Amino acid sequence: DRQRETPDGERGIWRRASERLLGDGLVSAITVAAGDSNRVAAGATDGRLYVTDTGASATGARWDITRPRDGWVTSVTHDPSNPEVMYATYGGFGGAHVFKSVDGGRTWRSIDGTADASIPDVPVHSIVVDPLRPDRLYLGTDVGIFVSERGGDAWAVKNTGFGAVVTEWLAPLVTPRGERWLFAFTHGRGAWKVQMN
C-alpha cells in the first residue's frame with residue numbers, strides 16, 4: 001500500500017488491484033464495462049489482451065490472457081449494451097488491425113473485412129460502438145474514419161467531409177435530449193464532431 005496526497009490536500013491509500021501482468025509489454029489501453037466495474041479489459045504494447053470479471057475485487061483481480069497478434073494494442077472497448085462483446089485495435093503495419101470477442105475477451109477474431117470492404121493496412125488507433133446501434137462501429141485510423149454497419153464484417157470510409165487525416169481518438173456522446181454525437185481528435189488537424197443518425 002502507498003499513501004498519496006491529492007491536489008486538495010487529502011490523503012488516499014492506493015492498493016494493488018492485481019498481480020503483475022505477464023509479458024514485457026506495458027498497459028497501453030483499458031476499458032471498464034458500462035454498469036459493471038468488475039468487467040475490465042486491458043491491452044498491452046506487446047499485443048497481449050487481459051480481461052477480468054473481478055476488477056473491483058478488494059483482494060485483487062484475476063486476469064485471463066490472450067494474444068491475437070503481436071503489436072501495440074491502441075484501444076479496447078466493450079459494447080455498451082453487452083459486456084460479453086468487446087473490441088481491440090492494433091497500431092503498426094502488417095497483420096490484422098481490428099479484433100472482436102463475443103465471449104468476454106476469452107477468444108478473438110479479426111474483423112478487418114475483405115476485398116473492397118476492408119480497411120487498409122494502416123495503424124488503427126481507436127474504435128467506438130454506436131450506443132444505440134451496436135452493429136455500427138467507427139474506427140479512427142491513420143487515413144481518417146471508417147464505419148461498419150454490420151458489426152465489422154464490412155468497412156467503408158466515413159464520407160461526411162472529414163479528411164484522410166490521422167485520427168488518434170474517437171469518443172461518443174449522448175446528450176440528455178438523446179442526441180448522439182461522434183467526436184474525432186486528430187494529429188494536428190484539430191477536433192471534429194458529427195451527429196450520429
Side-chain angles (χ1 to χ4, degrees), residues 28-29 31 41 43-49 51 66-174 179-197:
S28 53
T31 181
T45 56
D46 63 2
R48 286 183 171 88
L49 293 166
V51 297
T66 57
R67 192 179 198 174
R69 61 160 286 187
D70 291 339
W72 190 294
V73 178
T74 52
S75 72
V76 288
T77 193
H78 288 89
D79 179 327
S81 63
N82 182 355
E84 286 292 304
V85 177
M86 301 169 57
Y87 299 89
T89 61
Y90 285 75
F93 297 90
H97 299 284
V98 189
F99 288 84
K100 180 178 184 176
S101 173
V102 295
D103 58 5
R106 274 59 182 188
T107 62
W108 298 83
R109 69 177 177 90
S110 167
I111 58 167
D112 277 24
T114 57
D116 290 339
S118 66
I119 59 171
D121 181 16
V122 296
V124 176
H125 303 286
S126 179
I127 187 167
V128 161
V129 181
D130 187 321
L132 295 184
R133 295 179 58 185
D135 279 344
R136 181 188 287 167
L137 308 173
Y138 297 93
L139 292 179
T141 77
D142 260 16
V143 291
I145 297 174
F146 286 76
V147 63
S148 174
E149 301 285 349
R150 299 182 356 219
D153 289 337
W155 296 94
V157 173
K158 182 69 173 160
N159 286 322
T160 53
F162 190 82
V165 299
V166 176
T167 306
E168 295 186 338
W169 197 250
L170 297 174
L173 172 70
V174 180
E179 296 173 340
R180 297 179 353 269
W181 293 88
L182 179 67
F183 287 81
F185 301 91
T186 70
H187 183 80
R189 294 294 185 93
W192 299 72
K193 68 178 181 178
V194 67
Q195 195 160 10
M196 292 186 276
N197 299 325

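In this text, all values refer to a predicted model and were calculated from it rather than measured experimentally. Excluded from the calculations below are hydrogen atoms, water molecules and symmetry mates; all remaining heavy atoms, backbone and side chain alike, are included.
- The salt bridge (charged side-chain N to carboxylate O under 4.0 Å, His left out) search around Arg133 returns Glu149, not counting sequence neighbours.
- No donor-acceptor pair closer than 3.5 Å links the side chain of Trp169 to the backbone N or O of Phe183.
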Requested in this report: Show your reasoning for whether side-chain contact (heavy atoms from CB on, under 4.5 Å) applies to Tyr90 and Val73.
Outcome: CA-CA 5 Å; Tyr90 285 75; Val73 178; 3.6 Å; yes
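- A pairwise comparison of heavy atoms in Pro120 and Val143 identifies CG-CG2, 4.0 Å as the closest pair.
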Requested in this report: Before giving the answer on side-chain contact (heavy atoms from CB on, under 4.5 Å), spell out for Met86 and Val51 the whole-Å C-alpha distance, their side-chain angles and the decisive distance to 0.1 Å.
Outcome: CA-CA 10 Å; Met86 301 169 57; Val51 297; 3.8 Å; yes
Report task. Decide yes or no on side-chain contact (heavy atoms from CB on, under 4.5 Å) for Thr167 and Trp192, but give the supporting numbers first. Result -> CA-CA 10 Å; Thr167 306; Trp192 299 72; over 6 Å; no
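- Using modelled atom types, no side-chain atom of Arg109 and backbone atom of Val102 make a donor-acceptor pair closer than 3.5 Å.
- Between atom CG of residue Asp153 and atom NZ of residue Lys100 there is a gap of 7.0 Å, rounded to the nearest 0.5 Å.
- No side-chain donor-acceptor contact under 3.5 Å links Gln195 to the backbone of Trp181.
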Requested in this report: Decide side-chain hydrogen bond (donor to acceptor under 3.5 Å, both in side chains) for Thr45 and Ser28; before the verdict, give the C-alpha distance in whole Å, the side-chain angles of both, and the deciding distance to 0.1 Å.
Outcome: CA-CA 6 Å; Thr45 56; Ser28 53; 5.8 Å; no
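- The minimum heavy-atom distance between Tyr87 and Pro134, with the atom names listed, is OH-O, 4.2 Å.
- Using a distance-only test at 3.5 Å, with no hydrogens or angles considered, no donor-acceptor pair links the side chain of Ser148 to the main chain of Leu137.
- One N or O on the side chain of Asp112 and one on the backbone of His97 form a donor-acceptor pair closer than 3.5 Å.
- In this structure, CG on Asp46 lies 4.5 Å from CZ on Arg48, to the nearest 0.5 angstrom.
- Under the 3.5 Å distance criterion, the side-chain polar atoms of Ser126 are matched with a main-chain donor or acceptor of Leu170.
- Of all heavy-atom pairs spanning Pro68 and Gly47, the tightest one is CD-O, 3.9 Å.
- Taking a 6.0 Å sphere around CZ of Arg189, one finds it holds 12 or fewer heavy atoms contributed by other residues, nucleotides or ligands.
- A pairwise comparison of heavy atoms in Leu49 and Gly43 identifies CD2-CA, 3.9 Å as the closest pair.
- Applying the ring pair (Phe, Tyr, Trp, His ring centres under 6.0 Å) definition to pairs two or more places apart or across chains, none involves residues 121-153.
- Remark: Thr31 pairs with Ala41, Val76, Thr77, His78 by the side-chain contact (heavy atoms from CB on, under 4.5 Å) rule, at least two apart or across chains.
- Although no hydrogens or angles enter the test, the distance criterion places no donor-acceptor pair under 3.5 Å between the side chain of Ser101 and the main chain of Val85.
- Side-chain N or O atoms of Arg180 include none that pairs as donor or acceptor with a backbone N or O of Asp130 at under 3.5 Å.
- Other residues, nucleotides and ligands contribute more than 12 heavy atoms inside 6.0 Å of the CH2 atom of Trp108.
- In this structure, Ile119 and Thr141 have side chains that are not in contact, with every pair of non-hydrogen atoms separated by 4.5 Å or more.
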